[in-house]
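Within every chain, numbering begins at 1; the chains are lettered A, B, ... in the order of the sequence lines, protein sequences first and strands thereafter.
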Number of protein chains: 2
Amino acid sequence: MSRTVPLMLRLSAADPRPITKQIIDGVRRLIASGELHAGDQLPSVRGLAKQLTVNPNTIAKAYGELVSQGWLDSRQGLGLFVAAPRQRLSEAERKRRLQLAIDAFVAEVVGLDYSMQDVLKRIETELAPMLDGRKRRA
Amino acid sequence: MSRTVPLMLRLSAADPRPITKQIIDGVRRLIASGELHAGDQLPSVRGLAKQLTVNPNTIAKAYGELVSQGWLDSRQGLGLFVAAPRQRLSEAERKRRLQLAIDAFVAEVVGLDYSMQDVLKRIETELAPMLDGRKRRA
DNA sequence: AACTCTGTACTACTACAAATAGTACAGTAC
DNA sequence: GTACTGTACTATTTGTAGTAGTACAGAGTT
């Protein structure tokens, strides 16, 4: 199964995250949710740069990060492809990242006056499509 | 009930958040968890700056933000005090912030290979002390 | 071989945010 | 007055994000 997809990605100026992070998160989300499958080819660095009207360097940086995290495989002269599911982060690093994410989330939500039930329900709704979209990463 | 507390706050160089945000989140957490009560006096701008070995301007900025968010009240010449519980954010703003927090959290957690149950349990554990530490904000 | 696509690696420059440093001023208490 | 409080400035430094431009190597097509 190998396709070339137009990559449904939107950048938002309202989003406080830097462009590079928006792209990284966006691609990761598309893969995790199963909208992109292992072997699929991604838009070229220059192509996506033109599509999103950002600098090619910015795309290259985001792609490079995704490669080093094991989400993409790069083949010189050919392009970038969605990698087979695998886990490149150490157990300690995974644990550390989860802790950071939870701390940041709690810090943001404190004082917003939402009940525990509301918060958990929302998390569940948004997270569910990301967890079963692709096989469990080895 | 009015106390002057030494403010148990630690800054971490490992924490990716800027100093100002670490202080804002830290104070908000102390209030939400009930470690600081309405009326309690906070360390002075210069005092906390010395304690944390950061610039007084940085503390003043953090305190200023907390005042504008309604967490603290300022009395010229006297100091800063924990405000009575109230909600200064509009319904739309609260909703927006929750959405941003959830989006950011999901983006970080995707690919870490944690089960839904694990994630929800962790959130519940860390968030619980923040929700019942003080009366519901009007 | 020539051409054109791919990723990758640089340097240089600009823009912006965070933090520091220093000064100054107004309000409160002793 | 003196010594604390918060607050408001300006100036400077530092680090990061993004843009701009160039260059090079690998792969496929003609």
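Tested against B/Leu66 for a side chain to side chain contact (heavy atoms under 4.5 Å, CB included), the candidates B/Leu42, B/Ile31, B/Leu72 yield a single pass: B/Leu72.
Considering all non-hydrogen atoms of both residues, B/Ala83 and B/Gly70 come closest at CB-O, 3.5 Å. B/Pro56 and B/Val45 make their closest contact through O-CG1, 3.5 Å (heavy atoms, listed as atom of the first residue, atom of the second, distance).
The distance from atom CG of A/Leu78 to atom C1' of D/dA27 is 5 Å, rounded to the nearest whole Å. For B/Leu52 and C/dA19, the CG to P distance is 12 Å, given to the nearest whole Å. As a whole-Å value, the separation of A/Asp15 CG from D/dA17 P is 14 Å. Between the CG atom of A/Asn55 and the C1' atom of D/dT22 there is a distance of 12 Å, rounded to whole Å. Atom-to-atom, CD of A/Gln41 to P of C/dC5 comes out at 14 Å; the value is rounded to the nearest Å. Whole-Å rounding puts the A/Asn57 CG to D/dA20 C1' distance at 8 Å. One can place CZ of A/Phe81 at 11 Å from C1' of D/dA27, the figure rounded to the nearest angstrom. Spacing between atom CG of B/Asp73 and atom C1' of D/dT5 amounts to 15 Å, rounded to whole angstrom units.
Within the 4.0 Å cut-off from OP1 or OP2 of D/dA17, not a single side-chain nitrogen or oxygen of A/Thr58 is found. Look at B/Ser74 and you won't find any side-chain N or O under 4.0 angstrom from OP1 or OP2 of D/dG6. Taking 4.0 angstrom as the limit, A/Lys61 places none of its side-chain polar atoms (N or O) nearer than this to OP1 or OP2 of D/dG18. When the side-chain nitrogen and oxygen atoms of B/Thr20 are compared with OP1 and OP2 of C/dA19, one or more of them lie within a distance under 4.0 Å.
With distances taken from any side-chain atom of B/Gln76 to the nucleotides C/dT8, D/dT5, C/dA21, the minimum falls on D/dT5. Which of C/dT6, C/dT8, D/dT7 sits closest to the side chain of A/Ala60 comes down to C/dT8.
Both A/Val45 and B/Ile19 sit near DNA chain C, but only A/Val45 has its closest nucleotide nearer the 5' end. Between B/Lys21 and A/Arg46, it is A/Arg46 whose nearest contact on DNA chain C lies nearer the 5' terminus. Both B/Gly77 and A/Thr53 lie close to DNA chain D; mapped to their nearest nucleotides by heavy-atom distance, the more 5′-ward contact belongs to B/Gly77.
Judged by distance alone, the side chain of A/Ser33 and the main-chain N or O of A/Leu30 form a donor-acceptor pair under 3.5 Å.
Both B/Val106 and A/Leu112 belong to a single network of hydrophobic side chains, linked directly or stepwise wherever heavy atoms of I, L, V, M, F, W or Y lie under 4.5 Å apart.
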